[in-house]
Protein chains: 2
Amino acid sequence: MTSKRARPTINQVAEAAGVTKSSVSRAFTRPEMLSEETVRKIFAAAEQLGYVPNHTARALSTGRHGNIALIVPDVANPFFPPLIRAAQAEADRSDYCVFLGNSDESPQQEDKLIGRFGGQVEGLVLVSSRMSDAQIVEHASRRPVVLVNRDVEGIPRVLIDSATGVAEAVEHLAELGHKKLVYVGGPHGSWSNKQRRNAVRRSARALGLDVSVISNEFAAFESGRKITASVLATGASAAIAFDDLTAQGMLAELADQGVSVPGQFSVVGCDDVLGAATYPSLTTVSNRSVEAGKTALTLLIDILENHAIRDVRYVLNTNLVVRNTTGPRAG
Amino acid sequence: MTSKRARPTINQVAEAAGVTKSSVSRAFTRPEMLSEETVRKIFAAAEQLGYVPNHTARALSTGRHGNIALIVPDVANPFFPPLIRAAQAEADRSDYCVFLGNSDESPQQEDKLIGRFGGQVEGLVLVSSRMSDAQIVEHASRRPVVLVNRDVEGIPRVLIDSATGVAEAVEHLAELGHKKLVYVGGPHGSWSNKQRRNAVRRSARALGLDVSVISNEFAAFESGRKITASVLATGASAAIAFDDLTAQGMLAELADQGVSVPGQFSVVGCDDVLGAATYPSLTTVSNRSVEAGKTALTLLIDILENHAIRDVRYVLNTNLVVRNTTGPRAG
DNA sequence: CTGTTAGCGCCTTCAG
DNA sequence: CTGAAGGCGCTAACAG
């Protein structure tokens, strides 16, 4: 078992290899500047001593630490883990370490986290940020920031365009004969929510459908259940929910109320995070969160390494995934 | 909009406040050593310049950087996000930043990640580590490590004891008249898998039930589907799956095969990550991942701040949650 | 190709 | 209570 003694420093390696620390430093950063012979000697000594360059010291001197931060509103929301995973994998390919932050849907907490990560991070990825445009711009003025699902001019961003999928959903319902539908909303600060709500309204108008909107701040299974009564009260025959969780809650409540789906009522989710796990399996709008996570990191790393601070707006389209919670209007 | 100019240093604050950098440093670390008057002056100057102590420089000089790493096999596995979230919240309370690592179920990747986080982390939390005991011990000799769902003597660990819940599951099935059951396994390197398998065998033997074990390296929906044929081939009337995902896949496949649940076959999951989302809703073993995450972090922080390197083995019991996928044996 | 010399920004004895 | 001085481990000109 290796002992716990302090890590060897660059100086010890230098001494052991019979060179100065400059050479050791170079051997680890720009070996092509040294003779093969010297590099070999240095690596041998380093290996022998178990030397690993001190990340912190290097960062202090270069100002680069190879860390990035990824902040999401809620790690436990099934929409985010696949995105986080994809982002991590991408960071990994370029040897970046990623700090994960959970803002708890709170702008204050988000701001605080950014401050805490502050000095030890080269760039930030803010996913579904709940902060104000002004705050975001402010932070982006200090270090590179890439946004996911948040559209702020001048800041590189990756947007999952659920509008296309939502539009398909409305058409789908129209074809099934539905005349009146309701959009069950999500968090106020959410860009995606706004986008989906607008898409529903626009398509409904174009197709001559009637649509009402019910807001529902906390998107989740339980709130989906609770909101169901109001949904039924509108007299609509179909609903499009902000996300799959909300839709799933509605499904459960509908079942408890004895309302058959899709016989008497149709439900469409959004983000396809549940797969075919609900019963009946949920008709929903596809999700591109994996690509979004990967793209966001690729963008950020590109900016960090090539100083390419261009104004990108990367849009990922979605589409409707028809399963079994939508059917012809009853009667 | 604040410009992007470099952050002010301790020296600039000192000059602005008319003191030396020693005093500024003290004002931020041990203000009780200074006169109130001086502290006030320094804070005013710092505020005015927008000074924030440089984390990296401080870390280099003190050796403490207030970061910890949390490594999990797969962020996207629904078992982990709640744990991650709880761990984060706990880290937050003590102002620690957390690096998240995704080992992809690979010991090599896990080892590599630890190396990458290496110098900039004060402690590690390894969740369901896939590394060998020796590797774990080796890493633990360098810096504090807390394990979750991995039982290595001498290393602080938090264990979710699914054995209690699994035992209840077996009893439950026995009471329902089942005579022959099968355990559908999970990843080979998984401590939890071993634990669950043993618990099934032990309880089955005690109750005089027959049990066969089917291994299934990749626990997930799809593999649950695929394994179903072999499960039915054993002639058992009930199955206990390594986790909910596997169970859910089995449920889907069983439905497709026209095998009714729980009429003709009973299924029990493990970890309760799906809630009531499956249909029929899944009978499963409760999960304590939130407490596990919180406890692991509390432990680690305690070790870091109080040098309390005791040998803790924290066990969280589980129990059976009966829902609707278990019923009397057919016939 | 390699050594010398300054720092990076902060903390921490040691004096006073 | 406060200042002066050295150092944490490494990188980066600048000379040879």
Side-chain angles (χ1 to χ4, degrees), chain A residues 5-46 49-67 95 116 118-122 142-143, chain B residues 5-46 49-67 95 116 118-122 142-143:
Chain A
R5 69 170 164 281
R7 295 165 45 172
T9 76
I10 201 173
N11 272 309
Q12 307 181 35
V13 178
E15 189 166 353
V19 296
T20 58
K21 54 180 191 169
S22 312
S23 294
V24 178
S25 173
R26 290 183 184 117
F28 281 89
T29 49
R30 346 209 18 225
E32 70 280 7
M33 288 183 72
L34 267 38
S35 76
E36 287 191 8
E37 167 66 11
T38 310
V39 173
R40 196 171 18 253
K41 263 187 346 203
I42 294 177
F43 280 162
L49 295 176
Y51 169 76
V52 178
N54 182 313
H55 198 101
T56 311
R58 177 178 282 176
L60 180 58
S61 151
T62 62
R64 310 200 58 244
H65 15 215
N67 296 154
D95 287 331
R116 215 213 289 306
Q120 40 186 347
V121 150
E122 284 179 46
R142 304 191 186 295
R143 62 182 89 45
Chain B
R5 70 168 164 282
R7 294 166 45 172
T9 76
I10 201 173
N11 271 311
Q12 308 182 33
V13 178
E15 189 168 353
V19 295
T20 58
K21 54 181 190 169
S22 312
S23 294
V24 178
S25 173
R26 290 182 183 115
F28 281 89
T29 50
R30 345 207 21 221
E32 70 280 6
M33 288 183 72
L34 269 37
S35 77
E36 288 191 8
E37 168 66 9
T38 310
V39 173
R40 195 170 18 255
K41 259 187 349 204
I42 294 176
F43 280 162
L49 296 176
Y51 170 76
V52 177
N54 181 314
H55 199 98
T56 310
R58 177 178 283 177
L60 179 58
S61 138
T62 61
R64 309 199 57 245
H65 13 37
N67 297 152
D95 287 330
R116 214 212 290 307
Q120 38 185 349
V121 149
E122 284 180 46
R142 305 190 184 296
R143 60 182 92 43

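Below, chains carry the letters A, B, ... as their sequence lines are ordered, and counting in each starts from 1.
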State which of dC1(D), dG9(C), dC10(D) makes the closest approach to the side chain of I10(A). dC10(D)
Is any side-chain N or O of S23(B) closer than 4.0 Å to OP1 or OP2 of dG3(D)? yes
Can you identify which nucleotide, out of dC10(C), dG3(D), dT2(C), has its nearest atom closest to the A57(B) side chain? dC10(C)
The residue, K21(A) or V39(A), whose nearest nucleotide of DNA chain C is more 5′ is V39(A)
Below 3.5 Å, does any donor atom in the side chain of S22(B) face an acceptor in the base of dA4(D), or the other way round? yes
Value in whole Å for how far the C1' atom of dC1(D) lies from CD of E37(B): 13 Å
Let me confirm one number: the CD-OG1 distance from E15(B) to T9(B), rounded to the nearest 0.5 Å. 9.5 Å
Rounded interatomic separation in angstrom, taking CD from E32(A) and P from dC1(C): 10 Å
Distance test, side-chain N/O of S25(A) to OP1/OP2 of dT11(D), below 4.0 Å: yes
Check whether any side-chain heavy atom of S22(B) lies under 4.5 Å from a side-chain heavy atom of R26(B), and answer yes or no. yes
Does T38(A) put a side-chain nitrogen or oxygen below 4.0 Å from OP1 or OP2 of dT2(C)? yes
Scan V24(A) against the nucleic acid and name what it touches under 4.0 Å (heavy atoms): base, sugar-phosphate only, or nothing. nothing
For T29(B), answer base if it contacts any base atom (sugar-phosphate contacts may also be present), sugar-phosphate if it contacts only those atoms, and nothing otherwise; contact means non-hydrogen atoms under 4.0 Å. sugar-phosphate
What pairs of residues pass the salt bridge (charged side-chain N to carboxylate O under 4.0 Å, His left out) test when at least one of them lies in residues 30-45 of chain A, not counting sequence neighbours? E37(A)-R40(A)
Can you identify which nucleotide, out of dT2(D), dT4(C), dC10(D), has its nearest atom closest to the R26(B) side chain? dT2(D)
S35(B) side chain N/O closer than 4.0 Å to the phosphate oxygens (OP1, OP2) of dT2(D)? yes
Where each residue is assigned the nucleotide of DNA chain D containing its nearest heavy atom, which of L34(B) and T62(B) is assigned the position nearer the 5′ end? L34(B)
Rounded off to whole Å, could you give me the CG-to-P distance for the N11(B) and dG3(D) pair? 13 Å
Rounded to whole angstroms, how far apart are NE2 on H55(A) and C1' on dC8(C)? 15 Å
Is a donor on one side and an acceptor on the other found under 3.5 Å between the side chain of H55(B) and the backbone of H65(B)? yes
Checking dG9(C), dC10(D), dG3(C) against the side chain of T9(B) (C-beta onward), the nearest is dG9(C)
In whole Å, I'd like the distance from the CZ atom of R58(A) to the P atom of dG9(C). 18 Å
When the distance from CE of M33(A) to P of dA12(D) is rounded to whole Å, what number comes out? 10 Å
Donor-acceptor pair, distance only, cut-off 3.5 Å: does the side chain of R7(B) make one with the backbone of P53(B)? yes
Spacing of CG belonging to N67(B) relative to CZ belonging to R116(A), to within rounding of 0.5 Å: 10.5 Å
Expressed in angstrom and rounded to an integer, what is the separation of L60(B) atom CG from dT12(C) atom P? 12 Å
Check every strand shown and say whether F28(A) touches a base, only sugar-phosphate, or nothing at a heavy-atom separation below 4.0 Å. nothing
Select one nucleotide: of dC10(D), dC8(D), dT2(D), the one nearest the side-chain heavy atoms of S61(B). dC8(D)
note: E15(B), atom CD; dA4(D), atom P; distance rounded to Å ~ 13 Å
